Undergrad: 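Pasting a structure here, questions to come.
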Amino acid sequence: QVHLVESGGGSVQPGGSLKLSCAVSGIQYSTWSLAWFRQKSGKEREGVALIVDDGIADYTDSAQGRFIISIDNANNTLYLQMNNLKPDDTAMYYCAEGPGSITSIRAPGISRRFTSWGQGTQVTVSS
């Protein structure tokens, strides 16, 4: 059973940075995908960034150029470095695990393909 635990959320001013972490355990397969999603208040969950076992990453337009997804395989930790944060980035952020066949975080309904989820970490961007 895959277990995911996020940390690193908090409050930051516009233009600031945060680095989210997700401790990953229990992946038994040689191919996998890991992703960050977020859910704004009153809105549906949306994708942010994806990384696949071969290292290829994909981002939504809102994240491209500001966020960086990475993984430390030695420590089984997924990261999301968020720079130049905006008030619109305020949301609960979740990490998720899915099959290695996922190649884009931008596909409609992509969250349904992810089978394991963390409990989330809140990010608030305000002045």
Side-chain angles (χ1 to χ4, degrees):
Q1 183 176 356
V2 177
H3 191 52
L4 306 166
V5 180
E6 302 95 335
S7 61
S11 296
V12 64
Q13 293 187 339
S17 297
L18 277 177
K19 188 172 186 177
L20 306 183
S21 300
C22 175
V24 182
S25 62
I27 294 181
Q28 303 292 324
Y29 324 111
S30 59
T31 61
W32 44 262
S33 59
L34 291 167
W36 288 97
F37 289 81
R38 66 186 182 188
Q39 188 164 18
K40 302 174 185 178
S41 180
K43 299 292 182 63
E44 292 187 357
R45 193 170 297 187
E46 62 180 9
V48 176
L50 165 80
I51 189 165
V52 189
D53 56 85
D54 59 4
I56 293 178
D58 189 45
Y59 300 87
T60 56
D61 289 344
S62 63
Q64 186 74 49
R66 297 189 300 130
F67 295 0
I68 300 172
I69 189 170
S70 63
I71 188 163
D72 181 342
N73 287 306
N75 292 305
N76 296 322
T77 303
L78 176 73
Y79 298 102
L80 184 69
Q81 176 67 47
M82 303 188 294
N83 302 317
N84 191 21
L85 283 161
K86 305 174 182 179
D88 193 49
D89 294 317
T90 295
M92 184 72 79
Y93 284 72
Y94 300 88
C95 61
E97 183 268 345
S101 56
I102 298 175
T103 58
S104 174
I105 195 64
R106 292 165 285 171
I110 190 63
S111 64
R112 293 193 291 271
R113 296 191 62 191
F114 286 83
T115 54
S116 299
W117 293 82
Q119 83 290 348
T121 186
Q122 178 67 38
V123 171
T124 301
V125 185
S126 70
S127 54

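Values in this document were obtained by computation on a predicted structure and should not be read as measured data.
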Undergrad: What heavy-atom pair brings Asn84 and Ser17 nearest, and what distance separates the two atoms?
TA: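 Smallest interatomic distance, heavy atoms only, reads N-OG, 4.3 Å.
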Undergrad: So do the side chains of Tyr29 and Asp53 get within less than 4.5 Å of each other, counting heavy atoms only?
TA: no
Undergrad: Output side-chain donor-acceptor pairs under 3.5 Å for residues 2-12, partner residues at least two apart or in another chain, one line each.
TA:
unit_1	atom_1	unit_2	atom_2	d
Glu6	OE1	Gln119	N	2.9
Glu6	OE1	Gly120	N	2.9
Glu6	OE2	Cys95	N	2.8
Glu6	OE2	Gly120	N	3.3

Undergrad: Any side-chain heavy-atom pair from Leu78 and Ile69 closer than 4.5 angstrom?
TA: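 Contact flag for Leu78/Ile69 side chains = yes.
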Undergrad: Is Arg106 close to Leu50 at the side-chain level, that is, under 4.5 Å between some pair of heavy atoms?
TA: no
Undergrad: Please find the pair of heavy atoms, one from Glu97 and one from Ile27, that lie closest to each other, and give the distance.
TA: CG-CD1, 3.8 Å
Undergrad: Please give me the minimum heavy-atom distance between Ile105 and Tyr59, naming the atom from each residue.
TA: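 Scanning both residues, the minimum pair turns out to be CG2-C, 3.7 Å.
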Undergrad: So, do Phe67 and Leu85 sit near enough that their side-chain heavy atoms are less than 4.5 Å apart?
TA: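 Yes, close enough: below the 4.5 Å cut-off.
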Undergrad: Indicate the atoms forming the closest heavy-atom contact of Val52 with Trp32, along with that distance.
TA: CG1-O, 3.4 Å
Undergrad: Taking side chain as C-beta onward, heavy atoms only, is Arg38 less than 4.5 Å from Val123?
TA: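 In short, these two side chains do not touch, never coming nearer than 4.5 Å.
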Undergrad: Going by the disulfide bond (SG atoms under 2.5 Å apart) test, which pairs reach into residues 98-127, not counting sequence neighbours?
TA: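 Listed once each, the pairs would be none.
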Undergrad: Work out which heavy atom in Phe114 is nearest to a heavy atom in Ser33; give both atom names and the distance.
TA: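 In this case the closest contact between Phe114 and Ser33 is CE2-OG, 3.7 Å.
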Undergrad: So, do Ile110 and Ile102 sit near enough that their side-chain heavy atoms are less than 4.5 Å apart?
TA: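 Side chain of Ile110 against side chain of Ile102, heavy atoms only: contact under 4.5 Å found.
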Undergrad: Answer yes or no: is there a side-chain heavy-atom contact under 4.5 Å between Ser101 and Arg113?
TA: yes
Undergrad: For residues 61-93, which residue pairs pass the disulfide bond (SG atoms under 2.5 Å apart) check, not counting sequence neighbours?
TA: none
Undergrad: Anything under 30° is parallel, anything over 60° is perpendicular, the rest tilted; go ahead and classify Trp117 against Phe37.
TA: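 The arrangement is tilted - the two ring planes meet at 30° to 60°.
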Undergrad: State, to 0.1 Å, how close Gln122 and Ala91 come at their nearest heavy-atom pair, and which atoms those are.
TA: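 Shortest heavy-atom separation between Gln122 and Ala91 comes out as NE2-O, 3.4 Å.
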